[in-house]
Visitor: 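I'd like to ask you about the structure that follows.
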There are 2 protein chains.
Amino acid sequence: MTKEGLQSDTTRDRVLSTSAGLFCQHGYAGVSMRKIAESCDMKAGSLYYHFSSKDQILTEVLNMGIEKVHAAVAAALRESSVDVSASDRFRHAIAGHLHALLEYSSFTSANVRIFRQVPPSVQHSTLEVRRRYEALWDGFLGDLKSQGQLRNDVDIRSFRLMLIGALNATLEWFDPELGDITELANRYADMLANGIFAERCT
Amino acid sequence: MTKEGLQSDTTRDRVLSTSAGLFCQHGYAGVSMRKIAESCDMKAGSLYYHFSSKDQILTEVLNMGIEKVHAAVAAALRESSVDVSASDRFRHAIAGHLHALLEYSSFTSANVRIFRQVPPSVQHSTLEVRRRYEALWDGFLGDLKSQGQLRNDVDIRSFRLMLIGALNATLEWFDPELGDITELANRYADMLANGIFAERCT
DNA sequence: ATACCTGCCTAACGTTTGTTAGAAATGATG
DNA sequence: CATCATTTCTAACAAACGTTAGGCAGGTAT
């Protein structure tokens, strides 16, 4: 036997990538197996050689979205663990999220946009990956707080929800072709770390 | 003639409210006229007495979502225009957004979740309402800035996008039955105005 | 040459889609 | 009682839906 399933793998990936784009543009029910196939220059029936159902394609697309972002943030935190200031680590983590989010936007925005409208069984099969990502941020923010880098009265869960919500919303308006993602990350990190008011108040 | 179209109006509203809930839960293509009708104890054909098409229902739902939020924020700003501190006005505006967002969540989350996946013609017919709401915030934030209440180096458009993104994301996790919206608004306003770091840094 | 596996195809299934036309029911007005 | 407008219903249309079964072309192994 030669290189096992090589042709198959690239086709599989093409289907997943195409499906991600279609899902995030038209929603779960708005994309048919026939449209996926057509965008891949195939016929609908052929998809069932690589996937057992529409839901399986969807599940893989959703999971890949979070995993890309998780990997990027984990890498950013790993590379700057020592001798880097808290605000720099914060900035790097945000940059990691935004880079992965906006560069694999087919997968990530499929996740952000349609998670709530997919069948509950599919939702359930992506929950673990979601929680792992939330835990990554909670761990990092918890470290910052125990080092005294954060105000004592900020709730980590609240901030994490606000942060990820704000970052994910960039999918709706930011175009990586037109703007610099690193600069965007710096702006966001600055506003979130220091606030926007000229003077701090109660 | 008696009170013109009274029965008709309440039925219309019931259809719109029901449709909003279904749209935000299952997406645009995931909701059929038959399902809308069934949820209203009607038959599909009867819907066409009140609406000319599925797209018309959708358009009205989307517009109502933004208009509710716009009205709430505009009212909050109007009621606190004088003799109120900048941070209080900021907090009230955020509270207005969150209250409307989370209390009319069928309409607002239909808007937030499925705007990008509806037919372009429908998107287009809601753009004006969207822009009016963005202009409301830009005006308020511009006032704050020209009064010297905001840091000079924060970009208003960037912050407005971050702010609305962060606020809208609460739809995905906050339950008004379990938590206090006003308290949520205070927490968010504090984090956004003052930042989360213990000491401000570059 | 034979057999086999991979990858894609065609054709069909039963169901559901948005929408329309025309018939019934309802209740008020003359 | 007859008339009228309002509101809902039924029945049907062509099109599209997810999925399956079986066939066909290509290269690989025996």
Side-chain angles (χ1 to χ4, degrees), chain A residues 1-20 22-23 25-62 110 114 117-123 125, chain B residues 1-20 22-23 25-62 110 114 117-123 125:
Chain A
M1 87 190 60
T2 49
K3 276 176 278 183
E4 180 172 308
L6 184 148
Q7 171 85 359
S8 172
D9 271 8
T10 68
T11 303
R12 237 187 97 93
D13 291 348
R14 213 175 72 240
V15 171
L16 284 173
S17 170
T18 303
S19 302
L22 291 173
F23 278 140
Q25 201 173 0
H26 301 107
Y28 169 60
V31 176
S32 65
M33 295 298 270
R34 285 169 177 84
K35 277 180 195 152
I36 295 176
E38 194 185 4
S39 298
C40 296
D41 291 313
M42 300 174 68
K43 303 292 170 161
S46 312
L47 294 172
Y48 288 84
Y49 178 78
H50 302 279
F51 303 93
S52 66
S53 69
K54 186 182 172 183
D55 282 3
Q56 197 206 334
I57 298 183
L58 179 65
T59 304
E60 296 201 24
V61 165
L62 294 184
I114 73 175
Q117 61 187 243
V118 305
S121 61
V122 177
Q123 273 189 29
S125 67
Chain B
M1 89 188 60
T2 49
K3 276 177 277 185
E4 179 172 308
L6 185 145
Q7 171 86 0
S8 172
D9 271 8
T10 66
T11 303
R12 236 186 99 91
D13 292 348
R14 213 175 73 241
V15 171
L16 284 174
S17 169
T18 303
S19 303
L22 291 172
F23 279 140
Q25 202 172 0
H26 301 107
Y28 169 62
V31 176
S32 65
M33 295 298 271
R34 285 168 177 86
K35 276 180 196 151
I36 294 176
E38 195 185 3
S39 299
C40 296
D41 290 314
M42 300 175 67
K43 302 292 171 166
S46 311
L47 294 171
Y48 287 83
Y49 177 78
H50 302 279
F51 303 92
S52 66
S53 68
K54 185 181 171 184
D55 282 2
Q56 198 206 334
I57 299 183
L58 179 65
T59 304
E60 296 202 24
V61 165
L62 294 185
I114 74 175
Q117 61 188 240
V118 306
S121 61
V122 177
Q123 273 189 30
S125 67

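Sequence lines set the chain letters: A, B, ... in the order given, protein chains first and strands last, and positions in each chain run from 1. Side chains included, hydrogens not; waters and symmetry mates left out as well; all remaining heavy atoms used.
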Visitor: Any side-chain N or O of B/Ser32 below 4.0 angstrom from OP1/OP2 of C/dT17?
Guide: yes
Visitor: Can you name the residues that form a side chain to side chain donor-acceptor pair (under 3.5 Å) with A/Gln25, not counting sequence neighbours?
Guide: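 Here no residue qualifies.
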Visitor: To the nearest Å, how far apart are A/Leu22 CG and D/dC17 P?
Guide: 12 Å
Visitor: Tell me the closest heavy-atom pair linking B/Gln117 and B/Gln123, and the distance in Å.
Guide: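 That closest heavy-atom pairing would be N-NE2, 4.4 Å.
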Visitor: Whole-Å distance between C/dT17 P and B/Ile36 CD1?
Guide: 11 Å
Visitor: In whole angstroms, how far is the C1' atom of C/dC9 from the CG atom of A/Leu47?
Guide: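 Whole-Å distance recorded here is 12 Å.
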Visitor: Can you tell me how far CD1 of A/Ile114 sits from CD1 of B/Ile114, rounded to the nearest 0.5 angstrom?
Guide: 13.0 Å
Visitor: Pairs in or reaching into residues 28-37 of chain B: which pass side-chain hydrogen bond (donor to acceptor under 3.5 Å, both in side chains), with residues at least two apart or in two chains?
Guide: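 Only B/Tyr28-B/Asp55 qualify under side-chain hydrogen bond (donor to acceptor under 3.5 Å, both in side chains).
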Visitor: On a heavy-atom basis, which atom in A/Lys43 and which in A/Ala37 lie closest, and how many Å separate them?
Guide: C-CB, 3.5 Å
Visitor: Counting just side-chain N and O atoms, does B/His50 come under 4.0 Å of either OP1 or OP2 of D/dT6?
Guide: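 So the side-chain polar atoms of B/His50 never come under 4.0 Å of the phosphate oxygens OP1 or OP2 of D/dT6.
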Visitor: Less than 4.5 Å apart, side chain to side chain, heavy atoms only: is that true for A/Cys40 and A/Leu47?
Guide: no
Visitor: Quick check for you: to the nearest 0.5 Å, what is the distance between A/Phe23 atom CZ and A/Leu62 atom CG?
Guide: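 Reported to 0.5 Å precision, the distance equals 8.0 Å.
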Visitor: For nucleotides 10-13 of chain D, list the nitrogen or oxygen atoms of the protein found under 3.5 Å from its nitrogen or oxygen atoms, one pair per line.
Guide:
| residue | atom | partner | partner atom | Å |
| --- | --- | --- | --- | --- |
| D/dA12 | N6 | B/Arg34 | NH2 | 3.3 |

Visitor: Between atom OH in A/Tyr48 and atom C1' in C/dG7, what is the gap in whole Å?
Guide: 17 Å
Visitor: Is the backbone of A/Asp13 close enough, under 3.5 Å, to the side chain of A/Ser17 for a donor and an acceptor to pair up by distance?
Guide: no
Visitor: Write down the distance between OH (A/Tyr49) and P (C/dG7), rounded to a whole number of angstrom.
Guide: 4 Å
Visitor: For DNA chain C, which consecutive runs of 3 or more Watson-Crick or G-U pairs (each distance under 3.5 Å) count as stems?
Guide: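 When the pairs of DNA chain C are grouped into runs of at least three, the stems are C:3-28 with D:3-28.
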Visitor: In whole Å, I'd like the distance from the CE atom of A/Met33 to the C1' atom of D/dG18.
Guide: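 Computing the A/Met33:CE to D/dG18:C1' distance gives 7 Å.
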Visitor: Measuring from atom CZ of A/Arg14 to atom OG1 of A/Thr18, what distance do you get when rounded to the nearest 0.5 angstrom?
Guide: 6.5 Å
Visitor: Identify, with sequence neighbours excluded, every residue that meets side chain to side chain donor-acceptor pair (under 3.5 Å) alongside A/Ser52.
Guide: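 With sequence neighbours excluded, A/Ser52 shows a side chain to side chain donor-acceptor pair (under 3.5 Å) to A/Gln56, given in chain and number order.
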Visitor: Round to a whole Å and report the spacing from CD of B/Glu38 to P of C/dT17.
Guide: 10 Å
Visitor: For A/Gly30 and for A/Ser52, locate the closest nucleotide of DNA chain D by heavy-atom distance; then report the residue assigned to the nucleotide nearer the 5' terminus.
Guide: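 With A/Gly30 and A/Ser52 compared, the 5'-side residue is A/Gly30.
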Visitor: To the nearest 0.5 Å, tell me how far B/Glu60 CD sits from B/Leu58 CG.
Guide: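 That separation rounds to 10.0 Å.
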Visitor: Give, ordered by number, those residues of residues 53-61 of chain A having at least one heavy-atom distance below 4.0 Å to an atom of DNA chain C; if nothing qualifies, reply none.
Guide: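 Close to the strand, none.
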Visitor: Measure the distance from CZ on A/Phe51 to P on D/dG18 and round it to the nearest whole Å.
Guide: 15 Å
